[in-house]
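Reviewing the structure listed below.
Remember, predicted model here, so these are calculated numbers, not experimental data. Both backbone and side-chain heavy atoms feed into the values below; hydrogens, waters and symmetry mates do not.
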Amino acid sequence: MRYIGAVQAVVTATEYDRGPTAAELDAIDAEMPLISAEVELLDAQIIVLDRVPSEVDAQRIRRAVRKVLVARRELSNLSATAFVPEVGA
């Protein structure tokens, strides 16, 4: 039995087979400080999963939480012209 179907990527490509657009890359770039801060917080939380947090661990977590809050504030304060909110819908 032979399957009948398009074999060219141009014909069969879906929306998800493409790379990110320039607008999507700009949105990721604008959110990168927040992403980095959240990764740092997650790292600090992972470190204390299997032990009681020391004072240094607690300080590291507090510092990471503050960094996340600052990054969120700065991201939310961006002007509407500098950030494209419709990307990622």
Side-chain angles (χ1 to χ4, degrees):
M1 174 185 226
R2 290 184 50 174
Y3 292 99
I4 299 173
V7 293
Q8 296 176 349
V10 176
V11 176
T12 59
T14 64
E15 178 182 343
Y16 300 106
D17 288 339
R18 63 171 176 75
T21 64
E24 290 170 336
L25 290 174
D26 289 341
I28 292 169
D29 190 42
E31 292 177 7
M32 194 49 101
L34 176 59
I35 294 168
S36 298
E38 288 176 339
V39 167
E40 186 176 328
L41 175 59
L42 186 60
D43 287 342
Q45 291 171 338
I46 288 172
I47 289 172
V48 299
L49 278 178
D50 61 344
R51 65 178 183 196
V52 177
S54 67
E55 183 60 35
V56 174
D57 294 331
Q59 184 180 18
R60 183 180 297 127
I61 291 172
R62 284 193 306 267
R63 188 180 314 122
V65 167
R66 283 193 304 266
K67 193 180 273 191
V68 167
L69 292 174
V70 167
R72 284 182 184 167
R73 183 189 66 213
E74 290 174 0
L75 185 62
S76 66
N77 287 338
L78 286 176
S79 66
T81 58
F83 183 67
V84 182
E86 71 268 3
V87 174

(message) What I'd like to find out is whether the side chain of Val48 reaches to under 4.5 Å of the side chain of Arg60, using heavy atoms alone.
(response) no

(message) Counting C-beta onward and ignoring hydrogens, is there a side-chain heavy-atom pair between Leu42 and Ile46 closer than 4.5 Å?
(response) yes

(request) Kindly give the heavy-atom pair with the smallest separation between Val68 and Ala37, and that separation in Å. (result) CG2-O, 3.4 Å

(request) Identify the heavy atoms of Leu75 and Glu31 that sit nearest to each other, and give their distance. (result) CD2-CG, 3.8 Å

(request) First locate atom CD1 of Ile47, then atom CD1 of Ile61, and finally report the distance between them rounded to the nearest 0.5 Å. (result) 8.5 Å

(message) Nearest 0.5 Å, please: how far is CG in Asp57 from CZ in Arg62?
(response)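 Taking CZ in Arg62 and CG in Asp57, the distance rounds to 10.5 Å.
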
